[in-house]
Amino acid sequence: YWELLIFLLALTAATSALDNGLMRTPPMGWMSWERFRCNVNCENDPKNCISENLFRDMADRLAEDGWKEMGYDHVMIDDCWSSMLRDKDGRLQPDPQRFPGGIAKLARYLHDRGLKLGIYGDLGTHTCGGYPGTTLDKIETDAQTFASWGVDFLKLDGCYSNEEDQQKGYPLMSKALNATGRPIGYSCSWPAYRGGLPPSVNYTLLGEICNLWRNYDDIQDSWNSVQDITDWFFDNQEILQPEAGPGRWNDPDMLIIGNFGLSVDQSRSQMALWAIMAAPLIMSNNLRTLSSEARAILQNRAAIAINQDPMGVQGRRLLQERSLIEVYWRPLSQSASALVFLSRRQDMPYQYHTSLAKLNYTAGSYEAYDVFTGKTLSGLSATTEFTVSINPSGVVMWYVYPKMHYEDPQDDGRYPYIRQKYRMSSSLHFHKPRVVPPSLL
């Protein structure tokens with residue numbers, strides 16, 4: 001059953017994605033909005049205002065602190081970057097005081113460091129922050145402007161627009177971006193303004209014109225917000241889950257790990273759930289002052305590898321127990337999978353008892369790598385009963401793989417996809433299959 005489901009989901013996603021060759025795995029990087037909002041007070045808060053200095057600082061951190069090597073390669077400007085007026089030729093322009101060097105120079109700064117620049121627009125008369133929007137007559141002009149600056153990604157919001165303009169504008173911007181000849185990833189906020197669900201939202205069309213889309217409300221810096229977003233996505237998983245795939249992703253919004261609203265356990269929970277959802281991993285935090293705990297979670301190699309799995313199938317919620325434990329599952333390449341055990345409890349660590357068979361795994365021998373402790377559990381059959389201890393509002397996350405025999409007893413063949421690509425410790429006792437898949441070579 002699971003094998004057939006995985007095949008059908010992968011086939012469906014692969015045949016209907018935007019054909020610009022971009023974002024075959026969920027995009028990763030950093031965005032300004034959740035942490036820095038529309039702070040334009042550079043006189044009194046120069047370190048934290050929306051300015052070229054902020055984005056250069058974050059680019060430096062991505063390039064110098066190991067983030068780029070982990071896949072975090074986008075720096076994304078959100079709202080409030082522009083001047084309040086277009087230039088004499090009707091083009092958007094950055095605020096001259098806060099971006100004196102211009103966007104093209106900022107893009108070159110990022111490109112010189114192996115990074116990509118994202119920018120924000122709004123399909124309406126004004127952006128959500130009150131800056132000039134991109135009305136229908138300005139779509140081609142703005143697309144050409146972004147391309148001329150060397151922009152690599154556009155988030156197009158929907159404030160101060162109506163349903164008719166959205167129906168025309170989001171597809172038109174997709175065509176205009178492609179017509180520039182520059183590869184520009186395209187994020188559409190369209191579904192978030194239409195309730196996120198059919199019949200108001202046509203996900204088949206979205207997959208043909210957008211690389212990712214915001215489905216639901218903005219994230220806030222709180223565990224309640226993370227839970228609300230998680231609940232909405234998984235309550236509607238029968239609709240949303242089949243729509244995601246390489247080049248076309250559901251976007252539950254930014255990672256808030258490292259800010260003020262989440263505990264360490266809750267931060268692990270957000271990272272795990274976003275990995276299960278095949279969600280974009282777009283941080284919005286202050287990389288200059290990030291704690292070591294937050295950095296370890298955001299740079300966790302196994303969690304990133306699960307998120308970036310090339311098959312690109314979004315995961316599902318399997319169970320909601322009366323004990324307030326929930327179980328999530330995602331199929332991965334090479335017959336592997338990810339499991340997340342989430343506690344919604346608020347009292348004390350909970351001992352959850354189950355087996356892989358109870359989670360619909362077929363008969364066989366398995367091993368499980370604990371993503372956040374680095375320990376490996378060997379000798380699991382599908383029917384082996386096991387217990388995981390889950391902290392309140394915390395998770396246990398496993399990378400599960402079938403144990404396969406290897407031919408050469410002198411070579412223990414520890415070559416799983418995620419270990420090779422992300423240089424994980426050889427303490428993961430994966431065993432070489434008789435036929436090595438091409439992705440391992």
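Just the heavy atoms: all of them, side chains too, but no hydrogens, waters or symmetry mates, feed the values below.
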K.L.:
Going by atom types only, do R288 and N286 share a side-chain donor-acceptor pair under 3.5 Å?
P.N.:
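Per modelled atom types, R288 and N286 side chains form a pair under 3.5 Å.
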K.L.:
Quick one: does D253's side chain have a donor or acceptor within less than 3.5 Å of a partner on I219's backbone?
P.N.:
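Between the backbone of I219 and the side chain of D253 there is a qualifying donor-acceptor contact (under 3.5 Å).
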K.L.:
Does F153 have its ring centroid less than 6.0 Å away from the ring centroid of Y186?
P.N.:
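Ring-ring flag for F153/Y186: false, centres at least 6.0 Å apart.
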K.L.:
Determine yes or no for a side-chain-to-main-chain donor-acceptor pair under 3.5 angstrom, with R295 supplying the side chain and L298 the backbone.
P.N.:
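Checked: no pair found.
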K.L.:
Please tell me whether Y352 and E321 have a donor and an acceptor in their side chains that are separated by less than 3.5 angstrom.
P.N.:
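Short answer, yes.
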K.L.:
Closest approach of T180 and A143, non-hydrogen atoms and distance?
P.N.:
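T180 and A143 have their closest heavy atoms at CG2-O, 3.6 Å.
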K.L.:
I'd like to know if the side chain of E243 reaches the main chain of N250, judged simply by a donor and an acceptor atom lying under 3.5 Å from each other, with no hydrogens or angles considered.
P.N.:
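No.
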K.L.:
Under 4.5 Å between any side-chain heavy atoms of P132 and S82, yes or no?
P.N.:
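Side chain of P132 against side chain of S82, heavy atoms only: contact under 4.5 Å found.
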K.L.:
Show your reasoning for whether side-chain contact (heavy atoms from CB on, under 4.5 Å) applies to I50 and L54.
P.N.:
CA-CA 6 Å; I50 303 302; L54 175 67; 4.1 Å; yes
K.L.:
Can you name the closest pair of heavy atoms from Q220 and I256 and give their distance?
P.N.:
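In this case the closest contact between Q220 and I256 is O-CD1, 3.3 Å.
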K.L.:
Is the side chain of R37 donor-acceptor paired with the backbone N or O of E34 at a distance under 3.5 Å, no angle test?
P.N.:
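Side chain of R37 to backbone of E34, a donor-acceptor pair under 3.5 Å: yes, one is there.
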K.L.:
Taking NZ, NE, NH1 and NH2 as the nitrogens, is one of them in R91 or D142 under 4.0 Å from a carboxylate oxygen of the other?
P.N.:
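A salt bridge is absent here (no side-chain N lies under 4.0 Å from a carboxylate O).
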K.L.:
What heavy-atom pair brings L22 and G185 nearest, and what distance separates the two atoms?
P.N.:
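Minimum heavy-atom separation between L22 and G185: CD1-N, 3.3 Å.
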K.L.:
Quick one: CD1 on I282 to OG on S32, what's the gap to the nearest 0.5 Å?
P.N.:
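With rounding to 0.5 Å, CD1 (I282) is 11.5 Å from OG (S32).
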K.L.:
Would the number of heavy atoms belonging to other residues, nucleotides or ligands and lying under 6.0 Å from CD of E140 be above 12?
P.N.:
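It does not: E140 CD has 12 such atoms or fewer within range.
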K.L.:
Measuring from atom CH2 of W329 to atom CG of N360, what distance do you get when rounded to the nearest 0.5 angstrom?
P.N.:
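So the gap between those two atoms works out to 8.5 Å.
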K.L.:
Checking Q270 side chain against M254 main chain: does a donor-acceptor pair fall under 3.5 Å?
P.N.:
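Pair found, side chain donor or acceptor close to backbone of M254.
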K.L.:
Keeping to residues at least two apart or across chains, list the salt bridge (charged side-chain N to carboxylate O under 4.0 Å, His left out) pairs with something in residues 122-138.
P.N.:
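Non-adjacent pairs meeting salt bridge (charged side-chain N to carboxylate O under 4.0 Å, His left out): zero.
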K.L.:
Go through the side-chain N and O atoms of Y328 and E326 and say whether any donor and acceptor fall under 3.5 Å apart.
P.N.:
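A pair is found: one side chain offers a donor N or O, the other an acceptor, under 3.5 Å apart.
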K.L.:
Within this structure, what is the CG-CG distance for the pair L342 and L324, rounded to the nearest 0.5 Å?
P.N.:
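Going from CG on L342 over to CG on L324, the span is 10.0 Å.
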K.L.:
Is any side-chain N of the basic residue among R268 and D265 closer than 4.0 Å to the acidic one's carboxylate O?
P.N.:
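Salt bridge: yes.
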K.L.:
Do R317 and F234 meet the cation-pi criteria used here (NZ or CZ under 6.0 Å from the six-membered ring centre, within 45° of the axis)?
P.N.:
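Output no; distance or angle outside limits.
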K.L.:
Using 30° and 60° as the class limits, which term best fits the ring planes of W149 and W81: parallel, tilted or perpendicular?
P.N.:
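Aromatic pair W149/W81 classed perpendicular.
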K.L.:
Atom CG of D309 and atom OG of S333: how far apart are they, to the nearest 0.5 Å?
P.N.:
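Separation between the atoms: 3.5 Å.
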K.L.:
Measure the CD1-NZ distance between I139 and K168 for me, rounded to the nearest 0.5 Å.
P.N.:
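Atom-to-atom, I139:CD1 and K168:NZ are 10.5 Å apart.
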K.L.:
Ring-plane angle category for Y160 and H126, please: parallel below 30°, perpendicular beyond 60°, tilted otherwise.
P.N.:
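Y160 and H126: perpendicular rings.
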K.L.:
Is a side-chain donor or acceptor of K68 paired with a backbone partner of R113 at a separation under 3.5 angstrom?
P.N.:
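Confirmed, K68 side chain pairs with R113 backbone.
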K.L.:
Do you know the tightest heavy-atom contact between Y72 and M283?
P.N.:
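Nearest pair, atom of Y72 first, then M283: CD2-CE, 3.7 Å.
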K.L.:
Are I306 and W398 side-chain neighbours, meaning at least one heavy-atom pair lies under 4.5 Å?
P.N.:
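Contact flag for I306/W398 side chains = no.
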K.L.:
So, does W30 use its side chain to make a donor-acceptor pair with the main chain of N285 at under 3.5 Å?
P.N.:
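Judged by distance alone, yes, a pair lies under 3.5 Å.
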K.L.:
Among side-chain atoms of Y193 and N162, is any donor-acceptor pair under 3.5 angstrom?
P.N.:
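Note: Y193 and N162 side chains miss the donor-acceptor criterion.
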K.L.:
Just checking K116: does its NZ atom have more than 12 heavy atoms from other residues, nucleotides or ligands closer to it than 6.0 angstrom?
P.N.:
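Check fails, neighbour count at 12 or below.
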K.L.:
Please list, chain by chain and in numerical order, all residues satisfying ring-ring contact (aromatic ring centres under 6.0 Å, His included) with Y216, sequence neighbours excluded.
P.N.:
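Applying ring-ring contact (aromatic ring centres under 6.0 Å, His included) to Y216 gives W232.
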K.L.:
Check this for me, if you would: do D231 and R344 make a salt bridge, where the nitrogen-to-carboxylate-oxygen distance has to be below 4.0 angstrom?
P.N.:
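Yes, this pair counts.
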K.L.:
Could you report the tightest heavy-atom contact between S267 and I297, atom names first, then the distance?
P.N.:
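Looking at all heavy atoms of both residues, the shortest contact is CB-CD1, 3.7 Å.
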K.L.:
I need the I103 CD1 to L110 CG distance, nearest 0.5 Å.
P.N.:
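Reported to 0.5 Å precision, the distance equals 10.5 Å.
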K.L.:
Could you go through the side-chain contact (heavy atoms from CB on, under 4.5 Å) check for N41 and C49 one step at a time?
P.N.:
CA-CA 6 Å; N41 187 357; C49 66; 5.7 Å; no
K.L.:
Between Y131 and S83, which heavy-atom pair has the shortest distance, and what is it?
P.N.:
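The answer is CD2-O, 4.1 Å.
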K.L.:
Tell me whether E238 is salt-bridged to R316, with the criterion being a basic N under 4.0 Å from an acidic carboxylate O.
P.N.:
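Looking at E238 and R316, the cut-off is met.
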K.L.:
Will you find, in the side chains of S189 and Y170, an N or O donor that is under 3.5 Å from an N or O acceptor?
P.N.:
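Side-chain D/A pair, S189 to Y170: absent.
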K.L.:
Treating S225 as the side-chain partner and D221 as the backbone partner, does any N or O pair qualify as donor plus acceptor under 3.5 Å?
P.N.:
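A pair under 3.5 Å: no.
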K.L.:
Using a distance-only test with no angle check, is there a side-chain donor-acceptor pair under 3.5 angstrom linking N215 and R194?
P.N.:
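Result is no, nothing qualifies.
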K.L.:
Can any side-chain N or O of S174 pair as donor or acceptor with the backbone N or O of I209 at less than 3.5 Å?
P.N.:
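Yes: the side chain of S174 pairs with the backbone of I209.
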K.L.:
Do the two ring centres, one from Y401 and one from Y366, sit under 6.0 Å apart?
P.N.:
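Judged by ring-centre distance (under 6.0 Å), Y401 and Y366 do not meet the cut-off.
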K.L.:
Ignoring hydrogens and geometry, is there a side-chain-to-backbone donor-acceptor pair from N391 to G394 under 3.5 Å?
P.N.:
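No; zero donor-acceptor contacts below 3.5 Å.
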